[in-house]
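Reading through the structure tokens given below for one structure.
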Amino acid sequence: MEFNLEVDAIGMNCPLPILRTKKALATMQSGEILKIKATDAGAAHDFPAFAKQTGNELLSSTTEGDVLVFFMKRR
């Protein structure tokens with residue numbers, strides 16, 4: 001999937017992946033795509049909840065080895 005910006009939160013524990021994502025989304029235009037990579041096991045639950053709370057669209061959530069990969073569209 002094509003994306004405009006990437007957040008590398010590998011090795012970071014909660015809440016840092018969400019905080020980095022929030023900061024990145026604030027710099028983006030509506031409709032742009034953000035790729036997030038994280039290894040925190042809680043991210044699998046945190047990102048869907050974050051998307052719902054903020055109105056941003058979680059386009060996909062996959063696992064590549066130990067890395068969780070999310071694509072989120074800026075509202």
Side-chain angles (χ1 to χ4, degrees):
M1 182 180 299
E2 290 187 29
F3 57 93
N4 303 94
L5 188 63
E6 181 174 340
V7 169
D8 184 349
I10 292 173
M12 296 180 189
N13 294 320
C14 186
L16 286 176
I18 291 291
L19 293 175
R20 293 274 174 101
T21 297
K22 185 176 180 181
K23 186 175 181 180
L25 286 168
T27 69
M28 299 174 71
Q29 299 296 317
S30 180
E32 289 186 323
I33 307 294
L34 177 65
K35 178 181 181 180
I36 306 111
K37 297 190 300 186
T39 50
D40 181 24
H45 301 289
D46 294 343
F47 280 97
F50 174 76
K52 189 173 183 179
Q53 287 176 339
T54 61
N56 295 297
E57 183 181 354
L58 185 61
L59 300 174
S60 73
S61 172
T62 59
T63 304
E64 296 175 1
D66 293 338
V67 179
L68 300 166
V69 180
F70 304 94
F71 286 92
M72 190 172 289
K73 182 188 276 188
R74 172 80 158 90
R75 64 177 167 97

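Nothing fancy with the numbering, it's 1 onward along the sequence. Atom set for the values below is all heavy atoms of this structure, side chains included, hydrogens, waters and symmetry mates excluded.
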task = Please check if L59 and V69 belong to a single hydrophobic cluster, counting links between Ile, Leu, Val, Met, Phe, Trp and Tyr side chain heavy atoms closer than 4.5 Å.
result = yes
Value rounded to 0.5 Å, distance of CE in M1 from CD1 in I33 = 6.5 Å
In one Ile/Leu/Val/Met/Phe/Trp/Tyr side-chain cluster, 4.5 Å: I36, L58 = yes
inquiry  = According to side chain to side chain donor-acceptor pair (under 3.5 Å), who are the partners of N56, at least two apart in sequence or on a separate chain?
reply    = T54
task = Drop me the distance from N4's CG to Q29's CD, to the nearest 0.5 angstrom.
result = 10.0 Å
N/O donor to acceptor pairs below 3.5 angstrom from side-chain atoms of residues 6-27, sequence neighbours left out:
{"from": "E6", "atom 1": "OE2", "to": "K37", "atom 2": "NZ", "distance (Å)": "3.1"}
{"from": "D8", "atom 1": "OD1", "to": "I10", "atom 2": "N", "distance (Å)": "3.1"}
{"from": "T21", "atom 1": "OG1", "to": "P17", "atom 2": "O", "distance (Å)": "2.8"}
{"from": "T27", "atom 1": "OG1", "to": "A24", "atom 2": "O", "distance (Å)": "2.7"}

task = Could you grab the distance from atom CD of E57 to atom CZ of F71, nearest 0.5 Å is fine?
result = 13.5 Å
ask   = Does V67 offer a backbone N or O that forms a donor-acceptor pair with the side chain of T39 under 3.5 Å?
value = no
query = Any idea which heavy atoms bring A51 and M72 closest together, and the distance?
reply = CB-CE, 4.0 Å
request  = Look at the side-chain heavy atoms of Ile, Leu, Val, Met, Phe, Trp and Tyr, link any pair under 4.5 Å apart, and say whether L5 and F70 land in one connected group.
outcome  = yes
message = On a heavy-atom basis, which atom in P48 and which in A44 lie closest, and how many Å separate them?
response = CD-O, 3.2 Å
